[in-house]
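See structure below.
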Amino acid sequence: MSVSHPLLVSAQDGDGAIPIRFVQAGGALDVGARRWGDLHRFEGKAGQLLVVPGSDGEIAQVVVGSGTTFDPMSVRGLSARLPGGLYRLEVAAEDAELATLAFLLGAYVFDRYKARPDRAPARLAAPDGVDVAEVSRIAAACALAREMVDTPAADMGPLQIETIAREIAESAGAAISVTTGDALLEENYPAVHAVGRAAAPHRAQRLIEIGWKLDRTDLPLVALVGKGVVFDTGGLDLKPAAGMRNMKKDMGGSAHALALGRLVMQADLPVRLVVIVAAVENAVSADAFRPGDVLNSRKGLTIEIGNTDAEGRLILADALTRAGEHEPDLTLDFATLTGAARVALGPDLPPLYTDDEALAAGLLAAAGQVRDPLWRMPLWAGYRAALDTEIADLKNDSSAWAQAGSVTAALFLQKFAPTTGAWAHMDIFAWNPRARPGHPEGGEAQALRACYAMLKARYAD
């Protein structure tokens with residue numbers, strides 16, 4: 001299954017493309033750019049941009065400062081700053097694919113609700129040796145995740161997530177099943193049902209499952225699980241206004257799981273695949289679940305509710321248990337789970353949790369390779385007691401003495417994670433809190449590219 005990004009053409013179709021050259025701080029410009037650089041005080045500082053005209057007044061070349069070393073991901077800031085036209089990157093072969101991808105990532109614009117100036121886009125001729133189809137697939141996956149996160153909750157409810165999942169499954173020839181509303185109780189997804197039962201009927205909660213190549217029992221099975229809270233009021237333990245403002249993004253885990261699942265299927269990786277998304281709205285009504293309630297879970301463990309704003313781990317408990325029933329070789333879950341993760345590592349660096357050393361090494365190596373950062377955090381056994389409660393098997397809000405809210409949330413999920421293979425949990429933010437070139441404020445894909453690179457390395461033919 002191939003895709004082609006509208007801003008990317010193959011190297012052989014790049015005749016006449018304007019060269020983009022990268023110069024380190026203090027580096028010399030070529031003869032054609034030197035005088036222009038002097039006039040504009042170009043020094044090669046990181047991010048400096050010099051558009052050099054030719055004798056005919058057209059753009060002859062673009063020179064970009066790279067600072068002390070060239071980072072291929074710095075190309076992400078270019079596409080929005082360049083005049084319309086066709087360009088080609090002059091970079092080392094080992095940087096070409098990542099720099100090309102960065103250019104496409106930086107071209108993302110969310111314009112569903114706002115007209116943008118009608119201007120010719122900056123397009124790119126792929127450097128020699130770049131796999132245009134692969135780069136296009138990855139850029140499209142990241143764009144899908146970002147667009148889903150950027151879309152307001154009124155237009156990205158559980159039904160809309162289901163619709164996207166159905167489109168993905170249909171395009172790949174995969175099977176899909178959806179369990180909705182009170183049928184969740186009949187099919188034993190009690191925690192998903194409880195969290196979403198206060199929502200309006202047309203925004204009913206659901207468990208979405210995509211299965212691909214499941215008849216190929218000679219292939220290892222990968223499970224992707226995503227948290228899909230389309231809006232999080234905090235439930236009866238209401239969030240303050242500032243905390244609720246961006247809660248349309250609380251379905252970011254589902255967006256990542258679906259986007260990565262589509263990417264795996266498009267690339268035809270040699271695996272069986274299950275994608276499981278629990279999509280709910282954590283709303284407030286007379287039927288909302290309450291602090292002090294004890295919920296059942298698909299695994300049979302009872303959960304005392306200490307805070308209704310810790311709802312993501314509840315729906316993931318059922319989703320992870322369902323993933324385990326497939327006996328996967330590997331399970332990856334994505335969730336905008338805790339504010340504590342941002343306190344620990346900030347918005348740009350998602351925590352990674354796993355007790356599998358080989359998986360941790362593979363994910364961190366991939367994250368470094370594709371510049372999609374992750375930071376491993378501990379599943380610290382000493383904090384497990386913070387989930388203990390007198391009247392149930394565990395509680396959803398850890399005791400205050402443990403303090404490490406992202407760690408204890410991961411420990412909660414670990415109790416429901418599949419045991420037949422490796423498991424990793426990514427506590428993503430899925431959001432750019434500040435705008436800068438190539439990184440508009442809004443939805444962001446985090447850990448998606450790292451996980452994909454790890455899957456390719458782990459399950460290479």
Side-chain angles (χ1 to χ4, degrees), residues 4-109 116-136 138-139 368-372 435-440:
S4 179
H5 196 285
L7 299 183
L8 186 63
V9 302
S10 62
Q12 56 264 35
D13 293 329
D15 289 346
I18 301 163
I20 300 176
R21 301 187 169 107
F22 297 87
V23 176
Q24 292 185 355
L29 301 178
D30 63 26
V31 174
R34 192 174 303 143
R35 177 172 171 74
W36 198 250
D38 290 342
L39 286 172
H40 290 270
R41 297 181 180 178
F42 182 84
E43 299 174 344
K45 294 179 180 177
Q48 268 192 304
L49 186 70
L50 183 69
V51 179
V52 182
S55 58
D56 58 359
E58 299 294 326
I59 301 173
Q61 63 175 293
V62 175
V63 184
V64 182
S66 60
T68 56
T69 58
F70 173 67
D71 177 4
M73 288 308 292
S74 67
V75 177
R76 182 166 171 162
L78 285 184
S79 52
R81 301 172 63 194
L82 291 172
L86 180 63
Y87 297 86
R88 59 180 169 83
L89 301 171
E90 295 196 351
V91 296
E94 62 268 22
D95 294 326
E97 191 150 315
L98 191 54
T100 301
L101 175 61
F103 186 94
L104 300 182
L105 294 176
Y108 169 82
V109 176
R116 305 289 176 177
D118 187 14
R119 71 178 186 91
R123 299 167 63 235
L124 191 68
D128 287 332
V130 168
D131 186 337
V132 171
E134 176 74 343
V135 170
S136 296
I138 297 171
Q369 176 189 356
V370 301
R371 310 295 203 281
D372 190 17
R436 57 198 192 279
H439 300 76

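Counting begins at 1 with the first residue of the sequence.
Every residue meeting the side chain to side chain donor-acceptor pair (under 3.5 Å) condition with Arg88, not counting sequence neighbours, appears here in chain and number order: Glu90.
The two residues His40 and Leu50 come nearest to each other via the heavy atoms CB-CD1, 3.8 Å. Considering every non-hydrogen atom in both Ala122 and Pro83, the closest pair reads CB-O, 3.9 Å. In terms of heavy atoms, Ala99 sits closest to Val75 at O-CG1, 3.5 Å. Minimum heavy-atom separation, Ala96 to Val91: CA-CG2, 3.7 Å. For the residue pair Ala125 and Leu86, the shortest heavy atom distance occurs at N-CD1, 3.7 Å. Closest approach of Leu49 to Arg81, counting heavy atoms only: CB-NH2, 3.3 Å.
A donor-acceptor pair under 3.5 Å is absent between the side-chain atoms of Ser66 and the main chain of Ala46, judged by distance alone. With hydrogens and angles disregarded, no donor-acceptor distance shorter than 3.5 Å links the side chain of Thr100 to the backbone of Ala126. Side-chain N or O atoms of His5 include one that pairs as donor or acceptor with a backbone N or O of Leu7 at under 3.5 Å.
Separating the OH atom in Tyr108 from the NE2 atom in His439 is a distance of 13.5 Å, to the nearest 0.5 Å. Between the CG atom of Leu82 and the OH atom of Tyr87 there is a distance of 4.5 Å, given to the nearest 0.5 Å. The line from OG of Ser10 to CG of Asp131 is 11.5 Å long, rounded to the nearest 0.5 Å. Distance check: Leu105 CG to Met73 CE gives 5.5 Å after rounding to the nearest 0.5 Å.
For Asp30, the CG atom sits in a packed shell: over 12 heavy atoms of surrounding residues, nucleotides or ligands are nearer than 6.0 Å.
Exactly one of Leu98, Leu101, Leu124 qualifies for a side-chain contact (heavy atoms from CB on, under 4.5 Å) with Val135. That residue is Leu101.
Within the 4.5 Å cutoff, side-chain heavy atoms of Leu89 are placed close to those of Phe22.
Within the structure, salt bridge (charged side-chain N to carboxylate O under 4.0 Å, His left out) contacts touching residues 32-43 (residues at least two apart or in different chains) are Glu43-Lys45.
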